[in-house]
Amino acid sequence: MSFIFSKRGKRMSWQALGISCMLGLMMVLAACGSSGTTTGSNSGGDVKATVAAPKDLITGGTLTVGSDTTYPPQEYVDTASGQATGFDVDLITEMGKRMGLKVNVKKANFDTIIDDLSSKRYDVVISAVTINPDRQKKAQFIPYFNAGQSLLVQKGNPDHISSVKDLCGKKVGVQTNTVEFDALTAGKKDCAAAGKPTIALTVLDAQTDVIQLLADKRVDATYQDSPVTDYYLKLNPGQFEIGGAITDQAPEGIVVRKDDTEMFNALKAAYDAVKKDGTYDKLFDKWQLNSAQKVN
């Protein structure tokens, strides 16, 4: 088996990331498990609290955050510190500072993350969760990031894949309970209606494992949010490429329990403060994200 991921420090450039060293990252992710707990690191110096913190916290003085930390560059485990890191982690940490709160990021299962929030396992969720009508029935959202869907294929795109329509008869990896999984499920029906072979899906809990399928050539493509595709292209420029264009751009949101007005208002005020003082823009620069993905 070949491992594509690379051990990295928080501030290393994408170009400095090697392929062979990321075995350590996979080991850390496996060791964390779905119930493990990591603490998001602070970024920057001291920040004065300007927003009243919500009172109904799982742990006083701490914002407990659920996140599926297998989704770089938005959330993943840094092998140097053993802590959660990424754009989402930095953002929620900065928001916590504006409320005078520490931030504790708990590794979550994306498949059940909103239900677990409703059950008060977390105070809030940030985990590249695309806002859609079904999810809005269960929770309320603060939009903070725009992302599309994109296919990742082998360099040279030997199967000439440019859209979901080209995946009939192909093997495709995807993370469970994602909007991409929904799109591929719909695509399977389209293949059947056209009398074509079905899409052979491999559905896994961790996005890192999904990408590993492509590295091992066990699938012809993977389907995920566009920032994740961009991340792996930067990590391994000679191994993968995008199959076609980015599609279905939609906002991702910080997730709050449906009727938790106090939590929502506090987080929205903290998010607005982070945007107003320029921290939001600085985090985009730090993680080398496309400015088109900002929420205005």
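Keep in mind the model is a prediction, meaning the values are calculated, not measured. Computed from heavy atoms alone, side chains included, the values below leave out hydrogens, waters and symmetry copies.
The one candidate from Trp287, Tyr76, Tyr144 that meets the side-chain hydrogen bond (donor to acceptor under 3.5 Å, both in side chains) condition with Asp88 is Tyr144. Of the residues Lys268, Lys275, Lys276, the one that meets the side-chain hydrogen bond (donor to acceptor under 3.5 Å, both in side chains) test with Asp272 is Lys268.
Contact detail for Gln154 and Glu241: the closest heavy-atom pair is O-CG, 3.7 Å. When all heavy atoms of Ala139 and Ile114 are compared, the pair lying nearest together is CB-CG2, 4.2 Å.
In this structure the side chain of Asn104 never reaches within 4.5 angstrom of the side chain of Val65, judged on heavy atoms. Residues Val124 and Ile254 form a side-chain contact, since some pair of their non-hydrogen atoms from C-beta on lies under 4.5 Å apart. Between Tyr71 and Thr208, every side-chain heavy-atom pair lies at or beyond the 4.5 Å cut-off. Between Leu151 and Leu167, the closest side-chain pair of non-hydrogen atoms falls below 4.5 Å. Taking 4.5 Å as the limit, every side-chain heavy atom of Thr178 sits out of range of all side-chain heavy atoms of Gln224.
A salt bridge links Asp56 with Lys120: the distance from a Lys NZ or Arg NE/NH1/NH2 to an Asp or Glu carboxylate oxygen falls below 4.0 Å. Between Lys170 and Asp220 there is no salt bridge, since no side-chain N of the basic residue sits under 4.0 Å from a carboxylate O of the acidic one. With salt bridges taken as basic N to acidic carboxylate O contacts below 4.0 Å, one links Lys138 and Asp115.
Side-chain atoms of Glu75 and Thr69 form no donor-acceptor pair, as typed in the model, at a separation below 3.5 Å. Counted by atom type alone, Gln212 and Asp216 present one or more donor-acceptor pairs between their side chains at under 3.5 Å. Glu252 and Gln74 share a side-chain donor-acceptor pair at under 3.5 Å. Counting only N and O atoms by type, the side chains of Asp68 and Gln175 include a donor and acceptor under 3.5 Å apart.
Geometric assessment of Lys294 against the ring of Phe284 yields a positive cation-pi assignment under the 6.0 Å and 45° thresholds.
In terms of modelled atom types and a separation under 3.5 Å, the side chain of Ser119 and the main chain of Arg121 share no donor-acceptor contact. Between the side chain of Asp260 and the main chain of Val256, no donor-acceptor pair closer than 3.5 Å is present. Lys55 places no side-chain N or O within 3.5 Å of a backbone atom of Glu262 that could act as its donor or acceptor partner.
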Residues Asp277, Arg98; criterion salt bridge (charged side-chain N to carboxylate O under 4.0 Å, His left out); working and verdict: CA-CA 11 Å; Asp277 68 17; Arg98 273 64 180 179; 2.6 Å; yes
Could you give me the CA-CA distance, side-chain angles and deciding distance for Thr70 and Gln207, then say whether side-chain hydrogen bond (donor to acceptor under 3.5 Å, both in side chains) is met? CA-CA 6 Å; Thr70 70; Gln207 181 64 37; over 6 Å; no
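The cluster map of Ile, Leu, Val, Met, Phe, Trp and Tyr, joined by side-chain heavy atoms under 4.5 Å apart, puts Ile246 and Tyr223 in different clusters. Leu57 and Val105 fall within the same hydrophobic cluster, defined by Ile, Leu, Val, Met, Phe, Trp and Tyr side-chain heavy atoms under 4.5 Å apart, directly or through other members.
A centroid separation of less than 6.0 Å is found between the aromatic rings of Phe87 and Phe145.
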Quiz: residues 180-188 side-chain donor-acceptor pairs under 3.5 angstrom, not counting sequence neighbours:
unit_1, atom_1, unit_2, atom_2, d
Glu180, OE2, Asp225, N, 3.2
Thr185, OG1, Phe181, O, 2.8
Lys188, NZ, Ile199, O, 3.3

